[in-house]
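Atoms within a ligand are numbered from 1 in the order they appear, just like the ligands themselves. Basis for what follows: all heavy atoms, side chains included, without hydrogens, waters or symmetry-related copies.
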Amino acid sequence: MARILITGGAGFIGSHLCDRLLADGHEVIAMDNFFTSHPRNIAHLVGHDRFRFVKHDVTEYIYIDGHLDAILHLASLPSPVDYLREPIKTLKVGALGTHKALGLARKHGAKFLLASTSEVYGDPQVHPQPETYWGNVNPIGPRGVYDESKRFAEAMTMAYHRYHGIDTRIVRIFNTYGPRMRADDGRVVTNFIAQGLRGEPLTVYDDGSRTRSFCYVSDLVEGMVRLLESDIVEPVNLGNPDEMTVLEFAKVVQRLTGGKSEIVFVTPRDERTKDDPHIRQPDITRARTLLGWEPRVPLEEGLQYTIDYFRHLLHLEGK
Ligand code: NAD
Ligand code: UDP
């Protein structure tokens, strides 16, 4: 049994990691300030004898009593609407927060896993994206606050590995979805599902020709656990290579939510589609060969679980 800290542990992915690591018999401490998440994500864990929650902003000095075997650092503002609204908080959590979490790993001699992102590849000129690609990021564009904070976080993680000998892991997560996302996080999965369930138009930005590849959360969590247990210091992509255009994706969600919504093409007035990657698909050769991992949940099945969750959530909230 290991004692594991998850920063961003009340978030969408973080809360699923809490569930998984508790089920595996570990002791889990979740740390979060609920900046982009809701306490209901971890409400079912309150009272669990191997679970503890600490409300804390990771950009401030982090103190944990007792020993720590591993730190999974997920705290971040990952959705475009959040990081466009809070650019400085985004940079601070990626830079200062990662520095604090790495300092904590050093103090405890703990293993450290950074949740990085496919956004480190920017608007890619190599397709699909292997981990060896250095990316095409506009540092001064609106998305730069998120992308560069994660690129800094990767550089900082490797510096702690090389200089302080910390045992580190870096996972580059590609678009992941599932229950416990926020209905209003502005991401394409939640926007389309909420719109479909409300019978509102599905808002496809611009001409809908950009591509993404969507991974169900249980597949991602399995990959992250395997990576944590491996000895791979190099970054590893985790995501589903099943690529489609946003318009194709809208048609699937339209059908699965009952087919009452029309699809509309809109151009957002803010900067959310500036530097929006045109194509994205993970090359998962490294995860396949080194972790024996690949995604198992087909898109329609994962979407059905997610739609069921949002049907319940929106009903509870009267929306
Ligand atoms: P999320 O917003 O649900 O989770 C992030 C969590 O971090 C939230 O609970 C938030 O409250 C918390 N947080 C933010 N600032 C904090 C601070 N200063 N101190 C403490 N907690 C703070 O989003 P998610 O999708 O679960 O993302 C989890 C991680 O995975 C992030 O690091 C994100 O960059 C990465 N990621 C996610 C995706 C995806 O498709 N979901 C893709 C690429 C990378
Ligand atoms: N998108 C869209 N309609 C929406 C929300 C998003 O067409 O209501 C597009 C967005 O422009 C992007 C893709 O869907 O090309 C994925 O967006 P998301 O915010 O989910 O994540 P990203 O992969 O850009 O971080």
Check each atom of ligand 1 against the heavy atoms of [X] and keep those under 4.0 Å away; list them by number with element.
{"X": "V93", "answer": "15 (N), 16 (C), 17 (C), 18 (N)"}
{"X": "D57", "answer": "17 (C), 18 (N), 19 (N)"}
{"X": "F34", "answer": "11 (O)"}
{"X": "S37", "answer": "8 (C), 9 (O), 11 (O)"}
{"X": "K150", "answer": "31 (C), 32 (O), 33 (C), 34 (O)"}
{"X": "S116", "answer": "44 (C)"}
{"X": "N175", "answer": "40 (O)"}
{"X": "L77", "answer": "14 (C), 15 (N)"}

Let me see the working for E301 and R296 under salt bridge (Lys or Arg N to Asp or Glu O under 4.0 Å), right down to the final yes or no.
CA-CA 10 Å; E301 186 183 327; R296 306 223 166 271; over 6 Å; no
Would a distance-only check, ignoring hydrogens and angles, find a side-chain to backbone donor-acceptor pair under 3.5 Å from W293 to D219?
yes
Test your reading of the model: is there a side-chain donor-acceptor pair from H73 to the backbone of T7, 3.5 Å cut-off?
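Not a single qualifying donor-acceptor pair exists.
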With a cut-off of 4.0 Å, which atoms of ligand 2 are near a heavy atom of [X]?
{"X": "N191", "value": "4 (C), 5 (C), 8 (O)"}
{"X": "R210", "value": "11 (O), 15 (O)"}
{"X": "T273", "value": "11 (O)"}
{"X": "V204", "value": "7 (O)"}

Could you see if [X] belongs to whatever hydrophobic cluster contains [Y]? Use Ile, Leu, Val, Met, Phe, Trp, Tyr and a side-chain cutoff under 4.5 Å.
{"X": "I62", "Y": "L114", "value": "yes"}
{"X": "V28", "Y": "V171", "value": "yes"}
{"X": "L96", "Y": "Y146", "value": "no"}

Can you give me the closest heavy-atom contact between [X] and [Y], atom names plus distance?
{"X": "V120", "Y": "V137", "result": "O-CG2, 3.5 Å"}
{"X": "I42", "Y": "G9", "result": "CG2-O, 3.7 Å"}
{"X": "T245", "Y": "S209", "result": "CG2-O, 3.9 Å"}
{"X": "H48", "Y": "R50", "result": "ND1-N, 3.0 Å"}

Is there side-chain contact between R3 and I64, with at least one heavy-atom pair below 4.5 Å?
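SC-SC contact between R3 and I64 confirmed.
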Taking the side chain as everything from C-beta on, heavy atoms only, tell me whether P282 gets closer than 4.5 Å to L238.
no
Is there a polar contact between ligand 1 and [X], counting only N or O atoms under 3.5 Å apart?
{"X": "L74", "value": "yes"}
{"X": "N33", "value": "yes"}
{"X": "I13", "value": "yes"}
{"X": "T117", "value": "no"}
{"X": "G11", "value": "yes"}
{"X": "V58", "value": "yes"}
{"X": "A75", "value": "no"}
{"X": "F35", "value": "yes"}
{"X": "T36", "value": "yes"}

Proximity flag [X] to ligand 2, non-hydrogen atoms under 4.0 Å:
{"X": "F249", "answer": "no"}
{"X": "M181", "answer": "no"}
{"X": "R280", "answer": "yes"}
{"X": "E119", "answer": "yes"}

Please verify whether a non-hydrogen atom of [X] lies at under 4.0 Å from ligand 1.
{"X": "Y177", "value": "no"}
{"X": "D32", "value": "yes"}
{"X": "H56", "value": "yes"}

Among all protein heavy atoms, pick the one closest to [atom] and tell me residue, atom and distance.
{"atom": "atom 22 (P) of ligand 2", "answer": "R143 NH2, 3.6 Å"}
{"atom": "atom 19 (O) of ligand 2", "answer": "P80 CG, 3.5 Å"}
{"atom": "atom 9 (C) of ligand 2", "answer": "Y205 CD1, 3.9 Å"}
{"atom": "atom 13 (C) of ligand 2", "answer": "V246 CG2, 3.8 Å"}

When you measure from [atom] to each heavy atom in [options], which option holds the nearest one?
{"atom": "atom 30 (O) of ligand 1", "options": "I62, I173, V217, L96", "answer": "I173"}
{"atom": "atom 15 (O) of ligand 2", "options": "L247, V81, D276", "answer": "D276"}
{"atom": "atom 14 (O) of ligand 2", "options": "V188, T117, T203, V266", "answer": "V188"}
{"atom": "atom 23 (O) of ligand 1", "options": "P39, S76, P78", "answer": "P78"}

Hey, which of I263, V189, L303, T306 is the one that makes side chain to side chain contact (heavy atoms under 4.5 Å, CB included) with V253?
L303
Of the options T273, D276, V246, which is the one that meets D206 in a side chain to side chain contact (heavy atoms under 4.5 Å, CB included)?
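The residue from T273, D276, V246 that satisfies side chain to side chain contact (heavy atoms under 4.5 Å, CB included) with D206 turns out to be T273.
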If we set the cut-off at 4.0 Å for heavy atoms, which region of [X] has an atom near ligand 1: side chain, backbone, both, or neither?
{"X": "N41", "value": "neither"}
{"X": "Y83", "value": "neither"}
{"X": "R187", "value": "side chain"}

Assess, by modelled atom type and distance only, whether the side chains of [X] and [Y] contain a donor and an acceptor separated by less than 3.5 Å.
{"X": "T190", "Y": "D185", "answer": "yes"}
{"X": "S213", "Y": "D242", "answer": "no"}
{"X": "S261", "Y": "Q195", "answer": "no"}

Is it true that E119 and R143 make a salt bridge, defined as a side-chain N closer than 4.0 Å to a carboxylate O?
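Salt bridge present between E119 and R143.
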Is the distance from the ring center of F53 to that of F34 below 6.0 Å?
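Under 6.0 Å, so yes.
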Centroid separation F249 to F214 less than 6.0 Å:
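When the ring centroids of F249 and F214 are compared, they turn out to be within the sub-6.0 Å range.
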Using a 4.0 Å heavy-atom threshold (strictly under), name the region of R187 that reaches ligand 2: side chain, backbone, both or neither.
both
Does N175, backbone or side chain, put an N or O under 3.5 Å from an N or O of ligand 2?
yes
